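What you see is a predicted model, and the numbers here were worked out from it, not measured in a lab. We use all heavy atoms of the structure for the numbers below, so side chains are in, but hydrogens, waters and symmetry mates are not. Lettering follows sequence order; numbering is per chain, from 1.
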2 protein chains.
Amino acid sequence: MNQVLLVVIDGLSDRPIRKLANLTPLEAAKKPNLNTLAKRGIQGLMHTISPGVRPGSDVAHLSLLSYNPYKYYPGRGPFEAAGLGMDFKVGDLAFRGNFATVSRNLTILNRRAGRIDKTEELVKLLNGIKIDTYQFFLKKGVGHRVAVILRGKNLNEKVTDTDPHFEGKKVLTTRPKISDQNAKKTAKVINQFTKKCYEILDEAPLNKKRRMTGLPPANIILLRGAGKFTKIPSFKEKTGFSSAMIAGGGLYKGIGKFLKMRVLEVKGATGTPETNLKEKVKKALWALSHFDFVFLHIKGTDSLAEDGNYLGKKKFIEKIDKAIKPLLSLKETLIVLTSDHSTSSSLRIHTADPVPLLIVGEEIRTDETVSFDERSASTGRLGHIRGEELMPIIKDQLGRAPLMGA
Amino acid sequence: MNQVLLVVIDGLSDRPIRKLANLTPLEAAKKPNLNTLAKRGIQGLMHTISPGVRPGSDVAHLSLLSYNPYKYYPGRGPFEAAGLGMDFKVGDLAFRGNFATVSRNLTILNRRAGRIDKTEELVKLLNGIKIDTYQFFLKKGVGHRVAVILRGKNLNEKVTDTDPHFEGKKVLTTRPKISDQNAKKTAKVINQFTKKCYEILDEAPLNKKRRMTGLPPANIILLRGAGKFTKIPSFKEKTGFSSAMIAGGGLYKGIGKFLKMRVLEVKGATGTPETNLKEKVKKALWALSHFDFVFLHIKGTDSLAEDGNYLGKKKFIEKIDKAIKPLLSLKETLIVLTSDHSTSSSLRIHTADPVPLLIVGEEIRTDETVSFDERSASTGRLGHIRGEELMPIIKDQLGRAPLMGA
């Protein structure tokens with residue numbers, strides 16, 4: 001075998017649901033193709049971090065790609081910025097941001113500026129502005145969202161959010177979370193940036209137009225999730241694999257870029273249940289002839305579970321099953337099917353329940369499981385592994401693991 | 001689900017016994033109610049510390065309550081003292097003590113002073129005595145036992161026992177186990193205390209009376225198991241749960257008090273096979289409507305196995321099975337049944353064999369096990385976990401685990 005296709009179906013696994021006859025959405029779904037793969041391979045359960053630890057998607061992905069998140073997790077801001085394709089340097093800080101509407105005394109009137117979408121003109125007004133020797137870079141995200149990178153010497157990410165998360169509250173003053181000169185200086189620069197944002201945005205022609213048509217002006221940027229870009233080995237350096245990522249959601253593309261994987265664009269890949277699954281699978285198959293390792297991410301399952309929509313989740317799994325049919329004819333490819341974490345449709349949150357893991361390939365020690373689901377996987381012969389063990393196992397299947405000792 | 005009932009049956013699991021047709025006492029016991037719970041839940045095996053590590057009850061309980069014992073275990077003395085309800089401060093040392101009989105040159109004639117029980121008068125003579133700026137506090141334990149707390153500045157618990165553990169030997173001089181000024185000073189104070197004990201006790205009216213009636217005088221206190229009270233987060237701080245403990249044995253109550261759990265008194269709860277199981281279960285059910293987390297401890301299984309009484313152990317398990325019947329009708333409660341360690345009825349010691357772990361609750365991913373016992377649990381789908389992972393798993397089942405990442 002020469003290459004690997006890793007399919008991560010986000011928040012795929014769940015808990016038994018009474019209204020599904022005590023089955024999980026995955027157990028209840030009609031999924032002949034996934035089951036065919038189960039029959040050909042070996043299954044087990046995976047704790048992405050460790051038993052009982054409830055992972056966010058960012059942390060979970062780092063772990064299953066072999067990056068210990070306790071060591072490498074930079075916070076959410078850097079992932080979002082990288083996901084939008086922003087350039088960054090080691091030492092930069094990154095934030096997630098919202099365009100919002102504030103009154104003259106910076107009380108929040110509308111946290112999303114009326115869900116404004118066309119912010120390009122506003123982003124342009126602020127992008128690259130300098131405060132002392134520090135510089136801010138902005139990039140428009142989905143809707144009212146924006147990513148902000150702060151570049152300068154000796155920045156410290158231990159600073160509080162400016163986003164109070166509620167309307168009627170005032171924009172918060174950033175404060176250092178620790179007693180540290182650099183954190184103090186960083187906070188000061190961010191507060192100056194917030195002030196400047198208001199001055200520039202409140203006067204912006206676009207906002208004048210919006211006021212005239214009765215729309216709330218996008219006259220502030222609220223920041224949260226400060227994180228620092230730190231030195232992290234590329235996926236190639238860490239695993240030896242050339243790699244490509246196919247994903248709709250910005251966060252996942254960000255992880256890919258962060259790890260210097262090639263992030264492939266697919267038309268209609270949205271990271272939603274309406275995503276173009278067929279095109280994504282097609283791109284993944286194409287990528288297999290160009291890269292050692294292809295990562296295909298599917299997001300909809302997680303979002304549906306977080307909405308409590310277990311029936312929608314079940315249906316979307318059935319859609320995935322149809323879309324992955326071409327995988328059945330793959331040759332010379334190690335296929336790995338798993339998830340980053342469980343999402344409970346009843347609690348509507350990520351849970352720490354382990355995820356099913358299926359590995360299909362020539363010379364795999366197969367087991368007797370005939371269905372790809374939580375409880376079948378729990379009887380699989382791979383046993384229970386941890387996320388950080390997945391890549392070593394994959395490399396070993398290809399005969400590419402390093403030898404310890406002699 | 002809103003609350004948790006954790007039932008720890010001490011030393012429950014065992015090894016197959018030839019005279020029980022190669023079954024363990026738990027496997028051989030008739031236990032329809034425990035088995036009903038098994039059918040409703042998921043089982044696995046738990047290594048309270050890690051595979052091959054043979055835990056004492058104190059260390060095992062810390063671990064399964066999510067306190068890493070390598071970090072938090074203060075030694076046995078502090079647990080015993082806390083279990084007797086003694087007040088303590090961070091920095092105090094605590095010891096387990098025996099009243100014993102010595103000759104004029106401090107040779108031990110009777111290590112338990114003829115199993116004296118009424119020691120209140122003697123304890124009163126010594127309680128609160130000062131040596132330099134140091135002070136000793138005593139409290140009567142069961143029979144000839146006594147707990148001793150030493151309070152003062154810069155105490156170090158790395159000192160040897162004064163108890164030589166054998167009659168005919170002399171009371172030992174405490175020595176520092178490490179080269180440290182504080183340990184040296186601590187040893188000196190303890191040696192002065194031992195001398196003072198002899199002077200005061202040998203002249204005590206009670207001992208004069210005992211001599212006259214031919215009973216051995218309780219004229220010394222032998223100390224062992226020095227430990228220091230260190231800062232430890234409360235169970236509430238560590239897990240977020242309000243909690244109650246129901247136990248007969250002093251050690252377990254001590255652990256509860258140590259972790260600032262509410263220790264509930266139950267009439268007839270003795271920590272022996274004659275304990276009032278029904279009242280304990282009744283109290284546990286009452287506690288579930290007042291606390292998030294209720295810990296019910298049952299000790300008899302361990303003591304019977306340590307006596308080599310495997311038949312008694314089997315019968316006591318059958319008694320437990322009857323007593324826990326009300327658990328079958330619990331609603332909205334996560335029930336966790338397990339043990340702190342295995343105790344081999346044939347070796348008569350704790351062993352490192354993993355313990356069965358059963359979790360019952362709504363939306364649990366059930367398995368096919370139909371009996372609550374060692375070998376059924378080993379086929380359970382929870383797999384093998386470690387003690388420190390239990391509380392995170394429990395919190396996650398209730399949707400109360402913190403999220404790592406975003």
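Contact count against chain B (heavy-atom pairs under 4.5 Å) is highest for A:Pro354 among A:Pro354, A:Gly75, A:Gly225. Highest contact tally toward chain A, considering only B:Thr379, B:Leu382, B:Ile394, is held by B:Leu382 [criterion: heavy-atom pairs under 4.5 Å]. Interface check for chain A: of the options B:Gly405, B:Ala406, B:Pro392, the most heavy-atom pairs under 4.5 Å are formed by B:Ala406. Among A:Ser57, A:Pro51, A:Ala60, the residue with the largest count of heavy-atom pairs under 4.5 Å with chain B is A:Pro51.
For A:Arg76, the part lying under 4.5 angstrom from a heavy atom of chain B is the side chain only. Only the side chain of B:Glu362 comes within less than 4.5 Å of a heavy atom in chain A; its backbone stays farther off. The contact between A:Ser342 and chain B is made entirely by side chain atoms (from C-beta outward), counting heavy-atom distances below 4.5 Å. Only the side chain of A:Ile49 comes within contact range of chain B, with heavy atoms under 4.5 Å apart.
Environment of NZ in B:Lys39: crowded, with over 12 heavy atoms of neighbouring residues, nucleotides or ligands closer than 6.0 Å. Counting non-hydrogen atoms of other residues, nucleotides and ligands closer than 6.0 Å to CZ of B:Arg40 gives a total above 12. At most 12 heavy atoms of other shown residues, nucleotides or ligands fall within 6.0 angstrom of atom NZ in A:Lys158. Annotation for B:Lys260: atom NZ does not count as buried by contact number, only 12 or fewer foreign heavy atoms lying within 6.0 Å.
A:Asp353 has no carboxylate O lying under 4.0 Å from a charged side-chain N of B:Arg381, or vice versa, which leaves the two without a salt bridge.
Considering CG of A:Leu347 and CD of B:Gln397, their distance stands at 8.5 Å, rounded to 0.5 Å. Rounding to the nearest 0.5 Å gives a distance of 8.5 Å between CD1 of A:Ile349 and CG of B:Leu403. The CZ atom of A:Arg375 sits 8.5 Å away from atom CD1 of B:Ile42, with the distance rounded to the nearest 0.5 Å. Distance check, rounded to the nearest 0.5 Å: OG of A:Ser378 to CD of B:Glu368 gives 8.0 Å.
Nearest heavy-atom pair, A:Thr351 versus B:Asp396, reported as atom, atom and distance to 0.1 Å: CA-OD1, 3.4 Å.
Using a 4.5 Å cut-off on side-chain heavy atoms (C-beta onward), B:Lys395 and A:Arg54 make no contact. Put simply, the side chain of A:Ser346 reaches to within 4.5 Å of the side chain of B:Glu363, judged on heavy atoms. With a 4.5 Å cut-off on side-chain heavy atoms, B:Arg386 and A:Ser50 do not count as touching.
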